[in-house]
Amino acid sequence: MGLTAAASRAVLVASGVSLAYHGAAVLRDVDLTVHAGELLGLIGPNGAGKSSLIKVLSGIARPAKGTVSFQGRPLEELRDRERGQQIAVMSQNPHAGFAYPVYDVVAMGRYPHKRSWEPLDTRDRRVIKEALETAGVAHLSQRPITKLSGGEKQRVFLARALAQEPQLLLLDEPTANLDVRYQLEIFALIRRLNQERQLTVVLAIHDLAMAMRFCDRLAMMSAGRLVAAGAPEDVLTAELVREVFGVEAHIERDPKTGLVRIDYVGVVS
Amino acid sequence: MNRGVSMSGAEPVRKQAPARRALPLRPAGAVAVLFLLLVASVTAATAIGVVQLPFFDALRVIVVKSLRLGVELDPGQASIVWTVRLPRVLVAGLVGFALATSGAAMQGLFRNPLAEPGIVGVSAGGSMGAVIAIFLELQRHSVWAVPAAAFAGALFASWLAYALATRSGKTETATLLLAGVALTSLFGAIISLLYHFVEDGVLRQIVYWLMGNLAGKRWDHLAVASPFVLVGAVGLISLATELNLLSGGEDDARALGVSVERVKRWVLLFVSLATGAAISITGMIGFVGLIVPHILRLLIGPDHRWLLPTSGLAGASFLILCDLVARVAFSPIELRTGIVTAIVGVPFFLYLLFSRREAVAWD
């Protein structure tokens with residue numbers, strides 16, 4: 001499973017979490033523990049509640065029932081800025097609204113560490129520069145965000161999340177609408193951040209083969225419930241894929257590359 | 001902190017281009033230019049009129065009087081500049097400042113290019129308050145009855161829109177917008193209803209108020225309205241960083257540590273104070289709050305820390321100059337200032353829009 005004993009400390013614990021949106025239940029009684037240093041993948045069909053769970057786990061949305069605690073403290077007890085120093089989120093379609101230069105967008109990641117009108121100091125500038133470089137967008141820093149391609153934008157918002165210097169990074173389908181190369185690059189970057197900086201990552205992901213390849217642990221959701229959580233091999237089984245996704249799949253590990261291959265045979269009638 | 005983690009191979013790392021500014025003006029330069037423009041506008045507007053004065057003489061009266069220097073002035077000039085023209089000019093400046101700052105804040109808060117200061121019903125509520133006061137002939141008791149009723153109406157309207165859009169501590173922006181539109185229609189209908197029950201003389205007073213006017217403004221108008229405008233504008237500018245983060249959506253702002261609900265409440269309150277106070281003494285003047293922030297965004301970029309104060313300064317000059325045109329273009333007939341704001345502002349705005357379209361792009 002790749003988790004050392006020291007890393008199995010719980011960072012985020014959701015217990016009995018339920019959430020309704022305009023009267024419709026989107027999360028039902030979810031229990032989930034995120035361990036320090038792990039890369040946890042959330043999988044499930046569209047509408048299963050992955051995005052809602054990300055919102056609740058990050059404190060963006062408050063659960064109707066149940067609690068989420070971060071390092072032992074209920075999330076709602078953290079002040080907004082305090083939460084922003086610990087937990088960063090990259091939402092599914094992040095945007096800046098206006099044509100801010102890329103540098104300014106990434107600098108927004110420093111907000112939780114500062115008072116409202118406090119100017120950036122040397123340390124802030126260093127953190128921003130490193131975040132820009134890490135995400136590979138340093139050369140774009142003076143460009144207006146509105147003029148970038150989808151993949152470039154995605155990396156800018158990843159840089160903004162890194163500029164928050166979080167303990168925990170939550171990503172909601174960070175590669176939606178991106179081509180294969182960007183997908184691989186983004187996942188490899190997230191994996192490296194996770195391994196080299198011990199950054200705890202929770203990632204909603206729709207590509208099952210990518211999920212199996214990059215995540216330490218998977219949590220599978222269906223209709224607002226958590227139906228399985230554990231090692232990728234234990235969660236992504238043909239039975240569960242059939243049951244949750246309604247798809248007949250062959251899942252096998254390629255002996256040569258060690259990569260998992262998933263063939264979708266057909267729809268379960 | 002950076003331990004060699006990078007997107008290697010993503011793209012050949014290009015040498016960073018020398019800081020390329022896509023925008024025509026640096027913010028600090030813009031503040032200086034706009035400040036000079038404001039001084040020039042005030043001078044021109046106090047010098048030009050039925051009685052023409054040299055610019056220097058007008059400026060001298062203003063400087064001598066305001067700094068209480070013991071310099072001998074021509075009494076006729078002093079009276080025209082200091083007693084007749086300057087109060088009106090400064091009221092125009094104050095109202096332009098309030099509307100443009102409020103408009104910039106509302107466009108940021110609602111992430112909507114069509115947002116303007118009155119969008120949550122403030123101006124319609126103010127109009128209704130004023131019309132009811134005129135209908136009840138309250139102005140017989142005090143000259144301040146109509147402005148007070150307008151201010152109360154403006155605050156009441158934005159409170160009502162806020163209350164309608166708020167459920168268990170959360171204000172939904174889309175609902176707030178729709179509630180504002182609905183209230184604006186409702187108050188408009190109530191005003192139209194009152195038309196049926198008033199005599200011609202009262203009707204003329206009502207229409208005159210609704211059209212927005214700057215004629216006959218005195219120093220005490222300025223004194224009464226400016227504290228509210230100042231509190232509102234300073235309050236909005238203090239929230240500029242939060243408005244920057246909010247323009248990317250409320251969820252992301254919350255994730256970055258912004259206390260979103262609190263910021264929304266304060267922005268609404270400050271806009272209501274500034275806009276309510278402004279329109280309570282002049283009536284609603286259109287286009288300033290909508291167009292000036294767009295123009296400034298095109299010139300200096302979208303950062304609210306610069307956008308709010310520069311919009312305020314530009315709005316002040318803009319309205320002063322529009323009012324000057326309204327006064328002198330067809331002298332002795334005075335035009336409504338609102339006609340001039342539209343005729344002057346819209347073509348300039350369209351020019352900027354089409355020549356620098358990408359800068360207004362709403363992502």
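First the proteins, then the strands, lettered A, B, ... as listed; each starts at 1. This is a predicted model, so every value here is computed, not measured.
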**Student:** Evaluate whether atom CG of Asp179(A) has more than 12 neighbouring non-hydrogen atoms of other residues, nucleotides or ligands under 6.0 angstrom away.
**Tutor:**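 Correct, the count exceeds 12.
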
**Student:** Give the minimum heavy-atom separation between Ser116(A) and Ser238(B), together with the two atoms involved.
**Tutor:**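 The pair with the smallest heavy-atom distance is CB-O, 4.3 Å.
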
**Student:** Please evaluate residues Phe98(A) and Arg111(B) with respect to the criterion side-chain contact (heavy atoms from CB on, under 4.5 Å), reporting the C-alpha separation (whole Å), side-chain torsions for both, the decisive distance (0.1 Å), and the verdict.
**Tutor:** CA-CA 9 Å; Phe98(A) 299 99; Arg111(B) 301 180 291 283; 5.9 Å; no

**Student:** Nearest 0.5 Å, what's the CG-CZ distance between Leu245(B) and Arg160(A)?
**Tutor:**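 So the CG of Leu245(B) and the CZ of Arg160(A) are separated by 6.5 Å.
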
**Student:** For the backbone of Ile237(B) and the side chain of Trp117(A), can you confirm whether one donor and one acceptor N or O come within less than 3.5 Å of each other?
**Tutor:**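 It does hold such a pair.
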
**Student:** For the interface with chain A, which of Asp303(B), Val260(B), Val258(B) has the highest count of heavy-atom pairs at distances below 4.5 Å?
**Tutor:**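 Most heavy-atom pairs under 4.5 Å with chain A: Val258(B).
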
**Student:** Does a donor on one side chain and an acceptor on the other come within less than 3.5 Å for Tyr100(A) and Asn244(B)?
**Tutor:**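 Side chains of Tyr100(A) and Asn244(B): pair found under 3.5 Å.
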
**Student:** Given side chains that start at C-beta, do those of Pro94(A) and Asp252(B) come closer than 4.5 Å, heavy atoms only?
**Tutor:**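 Heavy-atom side-chain distance check passes, below 4.5 Å.
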
**Student:** How close do Pro112(A) and Leu256(B) get, counting heavy atoms only, and between which atoms?
**Tutor:**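 Nearest heavy atoms, Pro112(A) then Leu256(B): CD-O, 3.1 Å.
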
**Student:** Could you tell me which residues in residues 50-64 of chain A have at least one non-hydrogen atom under 4.5 Å from a non-hydrogen atom of chain B, sorted by residue number?
**Tutor:**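 Listed by number, the contacting residues are Lys55(A), Gly59(A), Ile60(A).
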
**Student:** Counting only heavy atoms not in Lys129(A), do more than 12 sit closer than 6.0 Å to its NZ atom?
**Tutor:**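 At most 12 heavy atoms, drawn from other residues, nucleotides or ligands, come within 6.0 Å of this atom.
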
**Student:** Identify which of Met108(A), His113(A), Arg81(A) forms the greatest number of heavy-atom pairs closer than 4.5 Å to chain B.
**Tutor:**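 So the answer, after comparing Met108(A), His113(A), Arg81(A), is Met108(A).
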
**Student:** I need the Asp80(A) CG to Glu261(B) CD distance, nearest 0.5 Å.
**Tutor:**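 One gets 10.0 Å once the value is rounded to the nearest 0.5 Å.
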
**Student:** Between Ala253(B) and chain A, with a heavy-atom cut-off of 4.5 Å, which part of the residue counts as in contact: side chain, backbone, both or neither?
**Tutor:**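 Neither the backbone nor the side chain of Ala253(B) comes within 4.5 Å of chain A.
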
**Student:** Should we say atom CZ of Phe187(A) is surrounded by more than 12 heavy atoms from elsewhere, each under 6.0 Å from it?
**Tutor:**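 For Phe187(A), atom CZ is crowded (more than 12 foreign heavy atoms under 6.0 Å).
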
**Student:** We want to know whether Asp251(B) and Ser91(A) form a side-chain donor-acceptor pair, criterion being a heavy-atom distance below 3.5 angstrom.
**Tutor:**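 No pair is found: no donor N or O on one side chain lies under 3.5 Å from an acceptor on the other.
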
**Student:** On a heavy-atom basis, which atom in Glu172(B) and which in His22(A) lie closest, and how many Å separate them?
**Tutor:**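 Result for this residue pair: OE1-CE1, 4.2 Å.
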
